[in-house]
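Here the structure comes first, spelled out in structure tokens, and everything after it is commentary.
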Amino acid sequence: MELKPANNFIEEIINEELSVGKVEKIRTRFPPEPNGFLHIGHAKSLCINFGTAQKYGGKCNLFFDDTNPSKEKDEYVQAIKEDIRWLGFEWDTINYASDFFQDIYELAVGLIKAGKAFVCDLTADEIRENRGTLTRPGVESPYKNRSVEENLQLFENMKNGMYADGEKVLRAKIDMASPNINMRDPVIYRVLHATHHRTGDKWCIYPMYDFAHPICDSLQGVTHSLCTLEFEDHRPLYNWVVENTGVSHKPRQIEFARLNVTNYVMSKRYLKKLVEEKFVDGWDDPRMPTLTGLRNRGVPAEALKRFCEEIGVAKANSEIQVEYFDHFVRDYYNQNAPRAMVCFNPIKVIIDNYEGSETVLTDINPNKPELGQREMTFSKTVFIDGEDFSLCPPPKYFRMKKDGLVRLKGAYVVRCDDYVLNEDGSVKEVHCTYLPETRSGSDNSGIKVKGTIHWVDGQNFVPCQVNKYGHLLNDAEYAGQDFSERMNLNSKTVIDAVCERYVADAADGECFQLLRKGYYKKMSGGDKPVLSEIVSLKDSFKA
RNA sequence: UGGGGAUUCGCCAAGCGGUAAGGCUACGGACUCUGACUCCGUCAUCCGGGGGUUCGAAUCCCUCAUCCCCAGCCA
């Protein structure tokens, strides 16, 4: 078999195994616990698990790690599925740890029969004390030497609901003196009288992650269980379970560093608090780093995936700068977004020497000529963006200013002759003269202007507003439509340009972060408006 | 002060004994009917520090330092 060049250390391991015939078909799994929403950190794991399988012509399962019914909900499994579909990944099968509860139970019984597990009556506090510390070995449970028969009976009693939560647990007999705390006779089953979102009240004992996960991996035929670094210490236990439980298929766990992004809060605890205490509108608030939040912010799935591919896979803890993420979003829109024009805080411009009207054209996307051109009406009165006119322009201001020349994109070069102010000092209207010989497409004037600005025809404009997601709306019916749909709708209007912008802080519907780098810098003033509220909140949590 | 990981440019990241890829950022400059995009140029004599092995080391050995993870009946 021909090996594909490895792009990271995980693929190197796989290549090695492939070359010695240790594995043939690769199977991975993406294993979320349905206790919250997926965020950008999960996107990395998604890309690694699905991507690795894909690369080797293998399969990836969606696996819900639902072994703790007190925290899990069906609502979350539905949301997770939707987010994964949005990203465009296709799982082979969907499995749930709860599907394997019976198998896991039987393997636990097998462990007891083999004298490798025992029922322990110690309380949680006592177990903790007996576990020892980082530097001191633990002491054995007084219940460790119960007979197999007694253990079997007790475990069955546990299963049959004869004990209260916490009264008894099943523990693996490994080594209380192990320097690895995870190996000090870990609890593998606990009594928990809780209704499970899938199995209801069928069970009142639930396997712990460390016991269930390796078994489920094995039963699913997973060859590579790719997870994050904090599970490195659990790998010996993972392997112990695989070996001692007697499952025939032996998966291998490999760990990689989780994703951190500057200014992004990823901890589920913080995110939950933000939602519950109403700092944001919900998990899908565009300020959230959740996949659904990013989607509402206008981040294309494709851009997110490319970002995940480019950041690499390694074992060193790292923090990627948001700028890198923004780069892929910008790049995607530059390549794919239809172009259009929009004016915020519009200023009326009257072209004194122009009469009548005409149709002018502009490329829908200069990178995609096949998309054709957009028709716009040009007449005596137009609106320009409030930021594109300055009463007292700074040194290198290339947009509209008194006595200056500027091009109205797709139309003519105009000279600003004068302006009229309102009583409050704001600009009422601006008067210009257009240069007929500078018509777009047939300009032989030789006149060069430094600035080209957006404009909207005074008669054919479409008023718009921003919804709570920062989406630019023409009217209420557009609410809730996603970014791409919105752009198509806008293509029939002269007001759009949304394609070049996405919202950084939609709280008041006014603060925009623009995809265009120049604007980004201008508006952020060197600071990071993105998630600013959340960041400050994070600091207060720490304090 | 037990164990497990990590340490290459501001941020990611290649490199696997033969003399430091690439991307992001930044800074110059060109171009431009989006101050965007594009384009050219600059940005580690050095790979956490110190020793050693070698003709030759970021790559091997020793040692020190720093950072992250582990004492849930969470995952």
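Below, chain A is the first sequence line, B the second, and so on; all start at residue 1. Predicted model only: the values in this text are computed from it and were never measured.
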Phosphate OP1/OP2 of B/rA75: any A/R269 side-chain N/O under 4.0 Å: no

Touch class at under 4.0 angstrom, heavy-atom based, for A/G441 against every strand present: base

Sugar-phosphate only, base, or nothing, as touched by A/E310 at under 4.0 Å among non-hydrogen atoms: nothing

Sequence-aligned protein contact record of nucleotides 68-74 of chain B, with B where the base is within under 4.0 Å of a protein heavy atom and S where only the sugar-phosphate is: SBBBSBS

Report yes or no: is there a donor-acceptor pair, N or O only, under 3.5 Å between the side chain of [X] and the base of [N]?
X: A/S318; N: B/rC12; result: no
X: A/Q321; N: B/rG10; result: yes
X: A/R399; N: B/rG35; result: yes

Non-neighbouring partners of A/F328 that pass ring-ring contact (aromatic ring centres under 6.0 Å, His included), sequence neighbours left out: A/Y324

Partners meeting salt bridge (charged side-chain N to carboxylate O under 4.0 Å, His left out) with A/D83 (sequence neighbours left out): A/R295

Does anything in [range] form a salt bridge (charged side-chain N to carboxylate O under 4.0 Å, His left out)? List the pairs, not counting sequence neighbours.
range: residues 179-193 of chain A; value: A/K144-A/D185
range: residues 28-48 of chain A; value: none
range: residues 116-125 of chain A; value: A/D121-A/R146, A/D121-A/K168, A/D125-A/R128

B/rU8 to B/rG3 separation - P atoms, rounded to the nearest Å: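 The same atom, P, in both gives a distance of 24 Å.
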
Nearest-Å distance once atom C1' is located in both B/rA58 and B/rC24: 23 Å

Nucleotide B/rA75, atom P - distance to CZ of A/F30 in whole Å: 16 Å

Identified pairing partner of B/rC67, criterion: Watson-Crick or G-U wobble below 3.5 Å: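 Pair assignment: B/rC67 / B/rG5.
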
Assigned partner base of B/rU42, Watson-Crick or wobble definition, under 3.5 Å: B/rA26

Atom of A/T199, atom of A/S98 and distance for their closest heavy-atom approach: CG2-CB, 3.8 Å

Syn-anti status, with the boundary at 90° from 0, for the nucleotide B/rG72: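 Syn conformation for B/rG72.
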
Six-ring centre of A/Y96, A/R198 cation under 6.0 angstrom, axis tolerance 45°: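 Cation-pi check for A/R198 and A/Y96: passes.
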
5' precedence on RNA chain B between A/A6 and A/I311 (nearest-nucleotide basis):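 Going by which nucleotide is closer to the 5' end, it is A/I311.
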
